[in-house]
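Here the structure is a predicted model, which is why all the values come from computation and not from measurement.
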Amino acid sequence: MKVLIYTHAFAPIVGGAERYVMLLAQGLSVLVDSDVAEITVATATSAGDFDDSKLPFLVVRRPNLRALVGLICKAEVIQLVGPCLFPLLAAYLLRKPVVVEHHGYPPVCPNGLLFHEPTKTVCPGHFLARRYGECLRCNAINEGWFNSLRMLLLTFPRRWLCQHVAANTPITVHVQRRLELPRSRVIYYGIPDAPLGAQSQVVGLSNGSPLCFAYVGRLVSLKGLPLVLEAAKSLQIEGYSFRLKFVGDGPKQTELKSLAERLGLAKYVEFTGFITGPAFQTAMKDVAVVLMPSVWEETAGLAAIEQMMRGRLVIASDIGGLGEVVDGCGLRFPAGSAEALAQCMRTVLDHPEMIVRNGDVARRRALDLFSERRMVKEHFDLYCQLAPMRDRGKKAQQLA
């Protein structure tokens with residue numbers, strides 16, 4: 001079975017969708033023999049210094065239209081990472097079975113975010129409600145009227161094509177409900193198992209070390225990061241001892257640093273900037289609790305899943321797929337409420353034993369729902385249902 005995975009963004013770019021593609025392609029290549037499945041990744045991303053030869057699958061970078069059509073012709077199943085318009089159209093015309101992974105909202109929102117810029121609130125669904133004027137006004141703020149119109153017009157064929165693919169795979173039940181697409185089945189993101197990272201911090205607390213909260217991810221406005229500093233200020237006034245880390249970088253870093261200074265929190269807060277690998281693991285060693293205060297409807301929250309796999313307690317906005325991911329194991333608060341976030345942090349500071357208790361529950365949930373093997377198996381099973389029938393008897397032994 002020849003599987004083509006198409007993604008606009010891929011390594012060396014770092015991000016949630018890019019990691020999903022890498023893990024899926026590697027997992028399919030490792031868990032399935034080459035005589036059962038042949039995996040090819042096509043991407044618009046240049047390699048830079050990245051060495052594709054070390055990967056267990058073929059990577060075709062920046063194919064022209066003719067080459068991309070050729071890859072689609074040869075494939076038996078096409079996996080699209082997001083509703084990429086040209087591959088969608090080409091595969092439809094060639095009558096190829098297509099699976100579209102949905103980690104955003106492009107089939108129901110011109111900017112893919114379902115965030116209403118004029119009011120800085122979650123979009124109630126103007127496109128599906130045919131309030132196209134609201135869509136135009138929303139995107140004109142950042143993109144201008146011409147680009148806003150172009151984005152709106154492209155949403156119509158994108159949604160129509162998604163309604164006619166073989167399968168849609170939203171990454172959470174929340175996304176499935178928002179998209180309202182036929183032939184949808186949820187396949188949660190999967191990540192490799194990881195060593196525990198939070199339990200040792202309880203020992204540190206008993207020795208008088210202040211508890212460390214951290215945000216992990218891009219420093220952008222949709223993440224609601226000023227709420228963390230506002231909540232921290234309330235706790236400081238009440239006399240609590242703690243530390244904060246912002247692990248990541250982004251356009252809001254300077255603004256956040258200035259806010260921390262104005263609130264008198266500079267000595268409590270550390271900004272690590274963008275770090276990966278051993279430097280990231282070192283920075284996270286003393287982190288007991290991860291904060292995810294998003295004000296938009298996160299589709300899943302890969303950073304939360306990764307920290308749950310490490311047994312860390314997550315405090316998250318009860319919004320979108322993020323609230324779904326941490327359900328039953330983390331602490332949730334109404335999006336946009338610094339007071340409610342402060343209450344969650346206060347609860348942990350007053351009852352530090354819950355770090356281990358909730359962290360254990362979080363890890364079990366991550367192993368059950370967000371394992372890499374489960375994600376790969378569910379994708380492969382779906383491909384086998386869609387591809388032309390042939391003898392694939394080894395599948396049951398390999399992926400059972």
Side-chain angles (χ1 to χ4, degrees), residues 15-17 20 82 102-129 134 138 170-180 184 186 188-189 213-232 234 246 248 250 252 256 289-308 312-348 358 361-362 365-366 369-370:
Y20 156 78
H102 294 278
H103 59 273
Y105 307 106
V108 295
C109 176
N111 65 29
L113 297 174
L114 280 178
F115 190 79
H116 192 235
E117 282 293 339
T119 58
K120 299 295 183 182
T121 59
V122 172
C123 177
H126 291 306
F127 181 83
L128 286 184
E134 285 297 328
C138 174
I171 60 174
T172 54
V173 174
H174 165 77
V175 175
Q176 181 182 40
R177 290 171 177 166
R178 280 295 239 164
L179 296 184
E180 298 183 19
S184 291
V186 174
Y188 286 115
Y189 272 166
F213 297 92
Y215 164 81
V216 182
R218 289 275 292 160
L219 308 184
V220 295
S221 59
L222 293 179
K223 300 297 185 177
L225 301 178
L227 296 172
V228 174
L229 295 175
E230 293 168 15
S234 298
F246 290 88
K252 293 297 180 180
L256 290 168
V289 182
V290 172
L291 307 175
M292 304 291 290
S294 291
V295 293
W296 77 293
E297 289 188 343
E298 295 256 12
T299 52
L302 185 58
I305 293 173
E306 290 172 338
Q307 297 310 313
M308 287 165 58
R312 285 193 173 93
L313 170 61
V314 177
I315 298 176
S317 301
D318 191 8
I319 189 172
L322 183 58
E324 179 181 336
V325 163
V326 304
D327 184 31
C329 61
L331 300 182
R332 298 183 293 179
F333 66 95
S337 173
E339 180 180 351
L341 172 56
Q343 179 57 48
C344 290
M345 296 169 69
R346 187 181 298 110
T347 298
V348 176
N358 286 61
V361 176
R365 179 171 173 79
L369 291 183
F370 309 121

Nearest heavy-atom neighbours spanning [X] and [Y]:
{"X": "Ser184", "Y": "Gln176", "value": "O-NE2, 3.4 Å"}
{"X": "Tyr188", "Y": "Glu324", "value": "OH-OE2, 2.6 Å"}
{"X": "Arg365", "Y": "Val326", "value": "NE-C, 4.5 Å"}
{"X": "Leu322", "Y": "Met292", "value": "CD2-O, 3.6 Å"}
{"X": "Asn111", "Y": "Cys109", "value": "OD1-SG, 2.9 Å"}
{"X": "Pro107", "Y": "Leu179", "value": "CD-CD2, 4.0 Å"}

If we only count heavy atoms from C-beta on, is the Val289 to Met345 side-chain gap below 4.5 Å?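 In short, these two side chains do not touch, never coming nearer than 4.5 Å.
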Taking the side chain as everything from C-beta on, heavy atoms only, tell me whether Ile319 gets closer than 4.5 Å to Val295. no
Closer than 3.5 angstrom, by distance alone: can the side chain of [X] be matched with the main-chain N or O of [Y] as a donor-acceptor pair?
{"X": "Tyr105", "Y": "Glu297", "result": "yes"}
{"X": "Ser317", "Y": "Ser294", "result": "yes"}
{"X": "Arg332", "Y": "Gly323", "result": "yes"}
{"X": "Thr299", "Y": "Gly321", "result": "no"}
{"X": "Asp318", "Y": "Phe333", "result": "no"}

Once the angle between the rings of Phe246 and Tyr215 is folded into 0 to 90°, is it parallel (under 30°), tilted (30 to 60°) or perpendicular (over 60°)? tilted
[atom2] on [Y] to [atom1] on [X], rounded to 0.5 Å:
{"X": "Glu339", "Y": "Leu227", "atom1": "CD", "atom2": "CG", "result": "12.0 Å"}
{"X": "Glu180", "Y": "Arg178", "atom1": "CD", "atom2": "CZ", "result": "9.0 Å"}
{"X": "Asp327", "Y": "Thr172", "atom1": "CG", "atom2": "OG1", "result": "12.5 Å"}
{"X": "Ile171", "Y": "Tyr20", "atom1": "CD1", "atom2": "OH", "result": "9.0 Å"}
{"X": "Leu114", "Y": "Phe127", "atom1": "CG", "atom2": "CZ", "result": "11.0 Å"}
{"X": "Glu298", "Y": "Lys223", "atom1": "CD", "atom2": "NZ", "result": "3.5 Å"}

Go through it in stages, so that I can follow the logic: the residues are Lys120 and Glu117, the test is salt bridge (Lys or Arg N to Asp or Glu O under 4.0 Å), and I'd like the CA-CA distance, side-chain angles, deciding distance and then a yes or no. CA-CA 5 Å; Lys120 299 295 183 182; Glu117 282 293 339; 2.6 Å; yes
Run the numbers on Val325 and Met308 for side-chain contact (heavy atoms from CB on, under 4.5 Å), then give the verdict. CA-CA 9 Å; Val325 163; Met308 287 165 58; 3.7 Å; yes
